[in-house]
Number of protein chains: 2
Amino acid sequence: MVSKRDFKGSSGRIERARDAGAALALEAIVFLDMANIRYLVGFTGSDGALIVGEKSNYLLVDGRYTSQARREAHDAEIREYRNKVEGIASVIEGEGWKNVGIESMAVTLHDYIKLRDRLEVRDLRCLAETVASLRAVKDTAEVDRVKEAIRVSSRAFLSVLAGLRPGVEEREVALELEYQIRRGGAENVSFETIVASGENSAMPHARPGRRRLETGDLVVIDYGAVCEGYCSDETCTVAVGDVSERQREVYGIVKEAHDRAIAAVRAGVACSEIDRVARNFLAERGLEKHFSHGTGHGVGLRVHEEPRLSCLSKDRLEPGMIVTVEPGIYLPGSWGIRIEDMVIVEEEGCEILTTVSKDLRVVG
Amino acid sequence: MVSKRDFKGSSGRIERARDAGAALALEAIVFLDMANIRYLVGFTGSDGALIVGEKSNYLLVDGRYTSQARREAHDAEIREYRNKVEGIASVIEGEGWKNVGIESMAVTLHDYIKLRDRLEVRDLRCLAETVASLRAVKDTAEVDRVKEAIRVSSRAFLSVLAGLRPGVEEREVALELEYQIRRGGAENVSFETIVASGENSAMPHARPGRRRLETGDLVVIDYGAVCEGYCSDETCTVAVGDVSERQREVYGIVKEAHDRAIAAVRAGVACSEIDRVARNFLAERGLEKHFSHGTGHGVGLRVHEEPRLSCLSKDRLEPGMIVTVEPGIYLPGSWGIRIEDMVIVEEEGCEILTTVSKDLRVVG
């Protein structure tokens, strides 16, 4: 069987999108998700619309982006609009299309109503999924960009480790880490850096605040970079000075859950199975109820994308998918631990892309 | 006539929202815009829903935010959901509401369809506007936060001015400015800082890149901070070494357009009139076609909010509105100039809130 990977390379992508439309008996699909638009035609602006039709494709942008679109975009004719809905409507009318799909997760109800009321189409169909599964499998150029993002963010993380000591505020650590990520060549951070110390580490999505690190703290640091549009995502939990025996023990358990989940990653395995492996091991140790999120997710043009390594996922791993593996244990009011690596799925296993050691590190 | 301002203070806000619903014959309104939710009940999380009913209000959040919501939110009962649409649906069903409004600019078509298919309501009405006009008029506490954001961002700007010299990359300047804004106490920058030099300054929304400043450049620097949720927004255009007579002349013209527009700001004046004042002056000098955006916009919990100072606006200025005044001239392929201050509307004029001098500054 020919894998998705063989179809990759940006020139084949738009044909796949067009084929998807044809398979749904649609004459065109209106893309509004900017990550999908970047993926299909290479345009990196923050606003616009892409219409992929049977014979012609249009990239619609406002005046800010016209020259950038001409410079960047392939496989599409550039059209400038003053009003996006109006711009989309005039392309559809000009082509006489009557059966059109639209990305329903990327359009507001407001814009949809305006478009629907403006058009005389037979079918303006809501598409929840368009190219998400295609994007899940990365080609070589995409893998290189993810690796570059990992290189930049890991180096920044290691450079701020030396500054982790009692008395430093969480938000100082986060600011310094983000600054180093950007100084290191990233165009941005891939999400707001988490630096959660002491009892804050028990909250999986804590925002860095004014709390100062103390001896005996565990500090969860979750960070990432964006390079040429592609994200990294990694979490290290470090100990400030002496931590308790119980903290060391649970760290070892989370690390083991993480290692076992990674060992289970290979092409053909159900995504839910990876989650099950981590969750079952934590359950054996009586900790399952403190693992309150899924085991991982795809990473690419967005830091969270397909596939999801959760018990609800119906997907299977395919070669070239890049996913996180990130079990965590959170004891409310006390402390928490998360250990996260990124891996790329291979036929016979996986390669770990992140490079920072996940052995417990004591700082300060 | 009693002004909106007299009704302000967070305790009166939710009553105003409820009254708005009642005026539309709705039993409840589903708020999904996080700035509106923060405005109405004080919750600062990044995801959730607020349902304002005739007799009861519910703030719905996922497990990440439950304790934060309990700590922060007033005037609403907290409910935790696993699935947002499901959570909203169960509140509406529980109350037996049949006529419900929903913020159509803040809901995706996808979520709307799921909600509509899940509910048995008579009327699930799309509301394009809910509390935007209410938010446009700031109370004293809001003005103080905006002033704090201005203080932090101005200080950061002045601190990086010394580093502006030939050879420095645009993106280094932007990174340093953002770093200083956050070190200075801002929780974030209010938008991606623009540092546009030389021919890049001719693009109103240029992203800072690898171009190095050169003698003779004009550099447009557009920046802002967020303090306790409230934004600042200011633009300075500085000259690197000697600039041409024509550049100085056009700078003076833009400055004059800016000054005249500010002089026209007072309660009761049409927003479109402020735009007309700036545009007409630039037209007198033969530059109107190079002024490619509106003259200003409201600033508050979002960096762009109501009112818009554009020729299309139907609004009038009211005391307590905070708006930018930011005429600009952009000569494609050559250079550009933008000068932006924030002002607060008063009965008899306005107060300029931003403090950095807008006289042409020569650096390097």
Side-chain angles (χ1 to χ4, degrees), chain A residues 32-33 44-47 62-68 82-83 102-116 124-129 171-172 174-176 178-188 191-192 199 202-210 292-293 312 330 332-333, chain B residues 32-33 44-47 62-68 82-83 102-116 124-129 171-172 174-176 178-188 191-192 199 202-210 292-293 312 330 332-333:
Chain A
L32 292 160
D33 179 320
T44 69
S46 69
D47 200 10
D62 65 50
R64 289 176 295 171
Y65 287 123
T66 311
S67 53
Q68 182 181 336
R82 276 180 170 274
N83 172 293
I102 187 165
E103 288 191 299
S104 65
M105 307 231 263
V107 65
T108 64
L109 174 58
H110 184 75
D111 281 354
Y112 172 77
I113 291 171
K114 282 199 295 181
L115 186 61
R116 188 197 59 194
L124 184 56
R125 200 167 331 156
C126 305
L127 305 176
E129 212 263 33
R171 60 178 204 171
E172 284 178 64
L175 176 57
E176 203 56 38
E178 296 195 353
Y179 181 64
Q180 293 301 339
I181 285 172
R182 292 179 61 186
R183 277 209 79 80
E187 59 218 37
N188 208 342
F191 55 92
E192 201 179 335
E199 64 273 18
M203 294 184 285
H205 294 87
R207 295 190 65 187
R210 307 214 73 142
S292 50
H293 52 73
L312 300 172
Y330 310 94
Chain B
L32 292 160
D33 179 319
T44 69
S46 69
D47 200 9
D62 66 50
R64 288 176 295 171
Y65 287 123
T66 311
S67 53
Q68 182 181 337
R82 275 178 172 276
N83 173 291
I102 186 164
E103 289 192 299
S104 65
M105 307 232 262
V107 65
T108 64
L109 174 59
H110 184 75
D111 281 355
Y112 173 77
I113 291 171
K114 282 200 295 181
L115 186 62
R116 187 197 59 193
L124 183 56
R125 196 160 342 148
C126 305
L127 305 176
E129 211 263 33
R171 61 179 203 171
E172 284 178 64
L175 176 56
E176 204 56 38
E178 296 195 353
Y179 181 65
Q180 293 301 338
I181 285 172
R182 292 179 61 186
R183 278 209 79 81
E187 60 219 37
N188 208 342
F191 54 91
E192 202 180 333
E199 63 274 18
M203 293 184 286
H205 294 86
R207 295 190 65 188
R210 307 215 74 141
S292 50
H293 52 73
L312 300 172
Y330 311 94

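It should be emphasised that the depicted structure is a prediction, and the values quoted were computed from it without experimental measurement. In what follows, every chain begins at residue 1, and chains take the letters A, B, ... in the order their sequences are listed.
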List the atom of [X], the atom of [Y], and the distance in Å for their closest heavy-atom pair.
X: A/R171; Y: B/G185; result: NH1-O, 4.4 Å
X: B/A202; Y: B/Y330; result: O-CB, 3.2 Å
X: A/P204; Y: A/H293; result: CB-CD2, 4.2 Å
X: B/A106; Y: B/D33; result: CB-N, 3.5 Å

Q) So what's closer than 4.5 Å to chain B heavy atoms on A/E103: side chain, backbone, both or neither? A)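 When you check distances to chain B, no heavy atom of A/E103 falls under 4.5 Å.
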Highest number of heavy-atom pairs under 4.5 Å with chain B: which of [options]?
options: A/P332, A/P208, A/S104, A/S67; value: A/S104
options: A/V107, A/L127, A/L175; value: A/L175
options: A/R207, A/E178, A/E172; value: A/E178

Q | Toward chain A, the part of B/R182 with a non-hydrogen atom under 4.5 Å | A |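 Both backbone and side chain.
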Q. Hey, does the side chain of A/Y65 reach the backbone of A/S46 with a donor-acceptor pair shorter than 3.5 angstrom?
A.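 Yes.
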Q | Greatest number of heavy atom pairs closer than 4.5 Å to chain A - which of B/I102, B/L109, B/N188 | A |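 Between B/I102, B/L109, B/N188, the count favours B/L109.
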